[in-house]
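Comments concern the structure below.
One-based numbering, in listed order, for ligands and for the atoms of each. Everything numeric in this text was worked out from a predicted model, so none of it was measured.
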Amino acid sequence: MDDDFVLNLDFGEGPSTRKKKGSSRTQRYTLRLKEKKAEKRNAPSSTFKIHATPSYGHNHDPRPRKRPRTEPLQSGPSETAAPAPAPRPRHPAHIISSLFSHNPKIEKPEDAPALKKLLKPTNAPLTDSSFLGLGLDPLLASHLSSKLGIDKPTSVQCASLSTLLPSLSAGAASQRDAFIQSQTGSGKTLSYLLPVIQDLLPLSSHSYIDRSIGTLAIIIAPTRELAKQIADILEELLKLRLRPREEGPDDEGESGRLMTRWLVSGLLIGGATRTHEKARLRKGIPILVSTPGRLLDHLQNTSSFNVGKCRWLVLDEADRLMELGFEESIKGILAALDGRWKLAKQAVEEGTSLEVGGWDWGRRRRTILCSATMREDVQLLAGTALKDPIMIRAAKSEHIPQPSATANSSGAFESEPTGDKFTPPSQLSQKYVLVPLKLRLVTLVALLRIFLSQSQLKHGCKIIVFLSCTDSVDFHWRLLGGATMHAGGGSASSDEDEEQMGTDHQGEDVVAKSPLLPNASIFRLHGSLPQATRLVSLRRFSSVSKDPSVESSSILLCTSVASRGLDLPLVHAVLQYDLPTEGGITEYVHRVGRTARAGRGGEAWCMVAPSESAWVSWAEERMEKDGSIRLTSVAVEKVLQDGFGGQGKEYEERATEVQLAFERWVLRQKQNSEIARIAFLSHVRAYATHPSDEKHIFHVRQLHLGHLAKAFALRDAPGSMKSSKSRSAKSRSKPAGRSVVDKAGSNSEDDPETERRMRKAVRSQGRLVRKGGILMNSSMSDFQVASTDMLEKIVSRT
Ligand SMILES: Nc1ncnc2c1ncn2[C@@H]1O[C@H](COP(=O)(O)OP(=O)(O)OP(=O)(O)O)[C@@H](O)[C@H]1O
């Protein structure tokens, strides 16, 4: 089987790779590498091969080296192969990227034990339980099984259904509010949707009830994507048959239930015009999914929004709601709902409104709060929103958990159950690679190639890559989609770049293809993209071809906006290219939780800089004190070797060529260099926002900016890291790659005042994305370059 693919290498000097004058360091590297290469090289070749299927454990291929092919690089499935460019002679003056010199020494990780103990999934459906046994309506249970393929409940679903289902929870417990907390991918959405539907379903047998009854249940989610996802699941659930399969359409049936289909769902997330939304609300939306800002807006301004009879309020991802500053909006929503209920009740009592027969006005609204963590701010929200709540948690073992704690009047839970740390599912394999800054970009490509090659066996897979900020996402997306291995790329026009980019119907770029990542579509997601683009990107990233012969591998480059709640099918690997700047270990667990869902397997990888190595034990300890959670170290050399193939240290040459291809793309056009520069600056700025208790691990001062520049395919750190106006001749002569402190000419970051100003400046910029508590940008990590001078000012203490 020859499933290798070939990279065309051009050693000729294209215009884009012309050496800058006066770069004596580069000249030295060039000469050294040239000499080394000349020694090694027997017969110069214009191509090398990169194994599409990395061979774990078989790196030293005993087969004789194949004669290099001269075919062009294989592209993605939809692309036709381009004619092979004629091999060009190697040019002695070609700039060589010195990727493998002057890197910090990294100790080789110990070999991982050959047979890793397989851990039982902690978020899988339970084999010894059933929905019917928990009291779920047979119509719902059979719909779950036949249409959604869900037969057994997960642990948290067992706990919640046994508490929240109206049929089982008799007496006082039947009206209590609830706090649901459990692992990622454990099925929290169904754990609240099923009780809500089961509670409202009997109303369908009253012929006089229709949509005009208004909104009876509201689900609030922090982001539009999440709200849309919940609404989609709800819509699927509400397609259930309203009579048992064995009963005909006109039978009154043994069940004695003749139900009408009035129970429909609706989504309010902005995007549509207010008038259009108002018209939908006037018609009636019995179960509404919304983001907080838009909901509050309609509660305050839409008189036809009939919520007087609302029975359920669900606050999903409550910790994210708090992080995004929605506390005030939620208080407003609670007050408005109470007010509307009072007014509606009063109107009925006064006879000014038509009574719905037998409506139980005494029944209080039930509120459910779902959160990954029990942080202080979430407990405060629980204190405001919940009354005498019951705590619902998933057990770690296959035991149906009992509701375990109750909250006091301030919302604090009196009996804090043990083992309440927010941990990833146990079946998730967690790995990290200590990567010198210079090698980050090529290691990213190598890792993606490894994931893709694994997925080839399974007809495609999904990979999510988290980056620090929107500018970095945009840059990497364009870079991967634009860079080619043709050194003649110096003359490539932007049209050629565009060929590898697909656009959505609004003309916004959606998909990119990289010759380095064959058969994969690359998407991006961050808060600054138009809403339509975000939704299209997510939909296309998640789509799975029904034809097994069509590979549907896809890669999503994103910010933390994708870390919470999103349920994207078949995500095989999550790579944290940049570790979270906000949210610490909770954010890490949310991100890795996009894979290994509902009992399935998955891989979580992190790239850790040598200066950040203390993060590993820091993270392990925060996930589980007893040391049961361990991240496995994988050597960067192994990743590069497996990703790029070749014999011995051949991967170094290949990685260098890939780096050069990226650097050529950056040099190709001014606009590319600008994107790279902006991404670099935004990344450093985002890095500076790591909270003070993480500064011993993540400190800008530890970053070698010259090396980091390589990770943005730049040959030097942007000169504007120091204001050009104020840059002295002395500082100009300093070698690139010094830390911010060096460049600023003083120990600026040791100065508490500078530190304070830096945080303030960065935070205030972060706040710009949240206007009046309404999510404008969806993620606090989505830093925009409102002013690229910001960082320069910060570091130069102007
Ligand atoms: N009982 C079940 N059996 C099989 N799959 C299930 C079951 N319940 C839910 N799922 C599936 O598990 C996946 C995760 O569900 P869901 O998104 O509700 O998890 P979650 O706990 O809310 O995760 P997160 O904390 O990441 O938001 C979904 O694809 C869902 O269809």
Item to check | Reported CG-to-CG distance for the pair Leu444 and Leu575, which is rounded to 0.5 angstrom | outcome: 6.0 Å

Checklist entry - When rounded to the nearest 0.5 angstrom, what is the spacing between OG in Ser145 and NZ in Lys152? => result 10.0 Å

Checklist outcome for this item: Sequence neighbours excluded, the answer for side-chain contact (heavy atoms from CB on, under 4.5 Å) partners of Leu132 is Ser130, Pro138, Ala141

Item to check | Salt bridge flag under 4.0 Å for residues Glu323 and Arg564 | outcome: yes

Next on the checklist: Between Trp615 and Tyr588, does the ring pair (Phe, Tyr, Trp, His ring centres under 6.0 Å) criterion hold? Intermediate values first, please.
Outcome noted: CA-CA 12 Å; Trp615 175 83; Tyr588 168 86; 5.4 Å; yes

Checklist entry - When you look at NZ of Lys387, are more than 12 heavy atoms from neighbouring residues, nucleotides or ligands closer to it than 6.0 Å? => result no

Taking a 3.5 Å cut-off between nitrogen or oxygen atoms, can you list every pair linking ligand 1 to the protein, with distances?
{"from": "ligand 1", "atom 1": "1 (N)", "to": "Lys152", "atom 2": "O", "distance (Å)": "2.7"}
{"from": "ligand 1", "atom 1": "1 (N)", "to": "Gln157", "atom 2": "OE1", "distance (Å)": "2.9"}
{"from": "ligand 1", "atom 1": "8 (N)", "to": "Gln157", "atom 2": "NE2", "distance (Å)": "2.8"}
{"from": "ligand 1", "atom 1": "17 (O)", "to": "Arg597", "atom 2": "NH2", "distance (Å)": "3.0"}
{"from": "ligand 1", "atom 1": "18 (O)", "to": "Lys188", "atom 2": "N", "distance (Å)": "3.4"}
{"from": "ligand 1", "atom 1": "18 (O)", "to": "Thr189", "atom 2": "N", "distance (Å)": "3.1"}
{"from": "ligand 1", "atom 1": "18 (O)", "to": "Thr189", "atom 2": "OG1", "distance (Å)": "2.7"}
{"from": "ligand 1", "atom 1": "19 (O)", "to": "Gly187", "atom 2": "N", "distance (Å)": "3.2"}
{"from": "ligand 1", "atom 1": "19 (O)", "to": "Arg597", "atom 2": "NH2", "distance (Å)": "3.4"}
{"from": "ligand 1", "atom 1": "21 (O)", "to": "Ser186", "atom 2": "N", "distance (Å)": "3.1"}
{"from": "ligand 1", "atom 1": "21 (O)", "to": "Ser186", "atom 2": "OG", "distance (Å)": "3.4"}
{"from": "ligand 1", "atom 1": "21 (O)", "to": "Gly187", "atom 2": "N", "distance (Å)": "3.1"}
{"from": "ligand 1", "atom 1": "21 (O)", "to": "Lys188", "atom 2": "N", "distance (Å)": "3.1"}
{"from": "ligand 1", "atom 1": "21 (O)", "to": "Lys188", "atom 2": "NZ", "distance (Å)": "2.9"}
{"from": "ligand 1", "atom 1": "23 (O)", "to": "Gly185", "atom 2": "N", "distance (Å)": "2.9"}
{"from": "ligand 1", "atom 1": "23 (O)", "to": "Arg597", "atom 2": "NH2", "distance (Å)": "3.0"}
{"from": "ligand 1", "atom 1": "25 (O)", "to": "Lys188", "atom 2": "NZ", "distance (Å)": "2.7"}
{"from": "ligand 1", "atom 1": "26 (O)", "to": "Arg594", "atom 2": "NH1", "distance (Å)": "2.9"}
{"from": "ligand 1", "atom 1": "26 (O)", "to": "Arg594", "atom 2": "NH2", "distance (Å)": "2.8"}
{"from": "ligand 1", "atom 1": "26 (O)", "to": "Arg597", "atom 2": "NH1", "distance (Å)": "2.8"}
{"from": "ligand 1", "atom 1": "26 (O)", "to": "Arg597", "atom 2": "NH2", "distance (Å)": "3.3"}
{"from": "ligand 1", "atom 1": "27 (O)", "to": "Glu317", "atom 2": "OE2", "distance (Å)": "3.3"}
{"from": "ligand 1", "atom 1": "29 (O)", "to": "Asp567", "atom 2": "OD1", "distance (Å)": "3.2"}
{"from": "ligand 1", "atom 1": "29 (O)", "to": "Asp567", "atom 2": "OD2", "distance (Å)": "2.5"}

